[in-house]
Amino acid sequence: VQLVRLRGTFMQEASKEGEGAMLAVRNIPIDVIEDICKQVTKENQLAVISNYNSSRQIVLSGHTGAIDSAAEVIRNQGGKAMQLKVSAPFHSPLMKKAADKFHEELLKRQYHPLNFPVVSNVDAKIYEGADEIVTKLTRQLTQPVLWTSMIEKMEESGITHMIEIGPKKVLCNLVRDCSSTIKRMECETLDNISALEETLQISKHKFQDEASKVLFLVKHCMQNAVATKNNNDSEDEYQVGVVAPYQELNSLNDQLEKNEIQPTKELARKALSLLATIFETKQIEKEEANDRIMDLLKEASMMDEFQDFLK
C-alpha cells in the first residue's frame with residue numbers, strides 16, 4: 001500500500017501542471033500512429049505510445065504540445081482522438097524522475113518468491129523470480145503497457161477465465177477486444193460475485209478449529225484494508241490511520257504463520273480493531289464498514305464470538 005501511494009506521488013511530482021497529456025486513439029493502424037509520433041516529436045516536445053490496449057485502441061503520452069499536434073494529424077487522417085483526464089503523461093520517458101525515485105524506494109524492500117505466475121506488462125513475460133521485481137516495476141513507469149501482448153501470453157499459458165477486481169468493467173472490455181476465448185468476469189455487484197462463485201464452484205470455507213478461523217480472519221482483514229478505496233486526502237492521517245495499522249496487521253499475520261504467537265480470540269479482536277481504524281481513516285461510511293466487517297465475520301464463522309463488536 002505504501003509503495004503504491006509513493007508511486008502515485010512520484011509520478012505527480014515528475015510532471016508540472018499542464019506540461020504533459022495523454023490521448024486515446026481509435027480507428028487508425030498502429031504503424032501509422034507510430035509514424036505520427038515520430039512526426040510530431042521535436043526538441044523538448046515528445047509523443048510516444050504508452051498503452052497498447054487492443055488492436056482498436058492505443059494511448060499516447062507526452063508533452064501537451066506534441067500530443068495536441070498528434071491529435072490533429074490523427075483526426076485529419078480519419079482516426080478518433082480523445083484527450084484523457086489525467087494529471088501526468090504516464091508510461092513515458094517524461095516519468096524518468098519518478099522512476100528514479102521509485103527505484104530507490106523499491107531497493108529498500110525485501111521480496112519473497114512469487115507464489116503464482118505473474119505476467120509483467122513491461123515485456124509480456126512471466127516473472128522468472130523475485131530478483132526481477134525491482135527492475136520491471138521501475139521500467140513500468142517509463143515504458144508502454146503491453147496489454148495486448150499480455151493477454152496473448154496468458155492465452156498461450158492456458159488461461160481460460162479473467163476476473164476484474166474493482167468497479168466498472170474497463171479491463172473486461174479490453175480483454176474482449178483482445179481475445180474471443182477468455183471468459184471475462186466482474187466483481188462490481190453482488191450478482192457478479194454470485195455468478196463468479198457459481199462459475200468457479202467456490203465453496204464456503206471449512207475450518208478445522210478456532211485457530212484456523214483466526215488465521216483466516218487476520219489474512220482477510222489485510223485484504224479488506226488493501227481493497228478499500230481511500231477518500232482521505234490527508235497524508236499525515238493516512239500514515240497514522242492506514243499505513244501503521246496495516247503494517248501491524250501484516251506483522252500479526254507473519255507471526256501467526258511462523259507460529260510465534262497464538263491465534264487467540266483477543267488477537268482476532270485486535271485485527272478487527274485495526275481494520276475498523278483503517279476504514280474510519282479512509283472515510284468509509286459507518287454502515288458500509290459495519291456491513292463489510294459483518295460479512296467477514298460470517299465468512300470466518302465468528303459472528304457469535306463478536307456480536308458486541310458491531311454495536
Side-chain angles (χ1 to χ4, degrees), residues 1-15 86-92 94-116 118-122 127 129-143 145 164-167 171 187 215-258 260-261 267 270-284 288-289 292-293 296:
V1 176
Q2 190 176 36
L3 281 174
V4 172
R5 190 172 180 84
L6 286 171
R7 179 179 180 274
T9 300
F10 294 154
M11 288 192 295
Q12 186 64 58
E13 292 173 348
S15 178
V86 295
S87 56
F90 304 126
H91 309 296
S92 78
L94 298 184
M95 291 290 102
K96 178 65 166 60
K97 290 182 179 179
D100 291 342
K101 291 181 180 179
F102 193 49
H103 184 260
E104 292 178 7
E105 291 295 331
L106 289 170
L107 289 174
K108 297 176 184 178
R109 271 69 177 183
Q110 182 180 1
Y111 303 94
H112 301 285
L114 302 176
N115 292 325
F116 302 96
V118 176
V119 179
S120 168
N121 63 15
V122 170
Y127 277 84
D131 57 330
E132 291 187 320
I133 292 176
V134 172
T135 300
K136 289 193 176 184
L137 289 185
T138 301
R139 290 172 56 197
Q140 198 259 354
L141 269 70
T142 58
Q143 294 185 228
V145 174
E164 180 167 3
I165 308 297
L171 299 183
C187 291
L215 287 166
F216 177 90
L217 183 76
V218 172
K219 193 172 292 293
H220 283 72
C221 279
M222 293 174 61
Q223 292 179 4
N224 270 270
V226 173
T228 302
K229 180 181 178 181
N230 177 46
N231 299 305
N232 191 340
D233 293 330
S234 171
E235 176 69 28
D236 291 338
E237 291 180 10
Y238 187 88
Q239 289 295 324
V240 173
V242 176
V243 175
Y246 181 82
Q247 289 175 339
E248 191 169 352
L249 276 172
N250 191 41
S251 176
L252 290 177
N253 185 63
D254 285 345
Q255 291 177 76
L256 283 170
E257 290 184 345
K258 296 175 182 177
E260 295 176 353
I261 55 176
L267 191 145
K270 183 174 185 179
L272 288 170
S273 296
L274 291 168
L275 179 61
T277 297
I278 292 172
F279 282 162
E280 183 179 359
T281 305
K282 288 189 171 185
Q283 298 181 356
I284 306 304
E288 179 186 348
R292 292 178 65 174
I293 290 176
L296 178 56

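Just so you know, these numbers use all the heavy atoms, side chains as well, and skip hydrogens, waters and symmetry mates.
Between Arg139 atom CZ and Ser120 atom OG the span is 7.0 Å, to the nearest 0.5 Å. Atom CG of Leu267 and atom CD of Gln255 lie 8.5 Å apart (nearest 0.5 Å). To the nearest 0.5 angstrom, Leu274 atom CG is 11.0 Å from Met222 atom CE. In this structure, the separation between CD on Gln143 and CG on Asn121 is 10.0 Å, given to the nearest 0.5 Å. Taking NZ of Lys101 as the reference point, atom CE of Met11 lies at 12.5 Å (rounded to 0.5 Å).
Gln140 is linked by a side chain to side chain donor-acceptor pair (under 3.5 Å) to Arg7, counting only residues two or more places apart in sequence or in another chain. With sequence neighbours excluded, the residues forming a side chain to side chain donor-acceptor pair (under 3.5 Å) with Thr228 are Arg292, listed by chain and number.
Within 6.0 Å of CG in Asp233 there are 12 or fewer heavy atoms belonging to other residues, nucleotides or ligands. Within a 6.0 Å radius of CD in Glu280, other residues, nucleotides and ligands contribute 12 heavy atoms or fewer.
Residues Leu114 and Ile133 meet the side-chain proximity criterion, which asks for heavy atoms closer than 4.5 Å. Taking 4.5 Å as the limit, some side-chain heavy atom of Ile278 sits within range of a side-chain heavy atom of Leu249. Inter-residue side-chain proximity for Leu141 and Phe90 is flagged as unmet; no heavy-atom pair is nearer than 4.5 Å.
With hydrogens and angles ignored, the 3.5 Å screen pairs a side-chain donor or acceptor of Ser92 with a backbone N or O of Pro89. Checking side-chain atoms of His220 against main-chain N and O of Phe216 turns up a donor-acceptor pair under 3.5 Å. Side-chain N or O atoms of Glu164 include one that pairs as donor or acceptor with a backbone N or O of Leu171 at under 3.5 Å. At least one donor-acceptor pair closer than 3.5 Å links the side chain of Lys282 to the backbone N or O of Ala225.
The minimum heavy-atom distance linking Phe10 with Phe102 is given by the pair CD1-N, 3.7 Å. Taking each heavy atom of Leu296 and Leu217 in turn, the nearest pair found is CG-CD1, 3.6 Å. Scanning all heavy atoms of the two residues, the minimum distance from Cys221 to Ala271 falls at SG-O, 3.8 Å. Nearest heavy-atom pair across Ile293 and Phe279 is CG1-CE1, 3.9 Å. When every heavy atom of Leu252 is checked against every heavy atom of Ile261, the shortest pair comes out as O-CD1, 3.9 Å.
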Do any side-chain atoms of residues 234-247 form donor-acceptor pairs under 3.5 angstrom with protein atoms, and if so which ones, sequence neighbours left out?
residue, atom, partner, partner atom, Å
Ser234, OG, Glu237, N, 3.2
Glu235, OE1, Arg5, NE, 2.9
Glu235, OE1, Arg5, NH2, 3.1
Glu235, OE2, Gln239, NE2, 2.9
Glu237, OE1, Asn232, ND2, 2.7

Passes salt bridge (charged side-chain N to carboxylate O under 4.0 Å, His left out), Lys219 versus Glu257? Steps please. CA-CA 10 Å; Lys219 193 172 292 293; Glu257 290 184 345; 2.8 Å; yes
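Between Glu105 and Lys108 a salt bridge is recorded (basic side-chain N to carboxylate O distance below 4.0 Å). Electrostatic pairing of Asp100 and Lys96 counts as a salt bridge here, judged by a charged N lying under 4.0 Å from a carboxylate O.
A cation-pi arrangement is present between Lys136 and Tyr127, with the terminal nitrogen or guanidinium carbon under 6.0 Å from the aromatic centre and inside a 45° cone about the axis.
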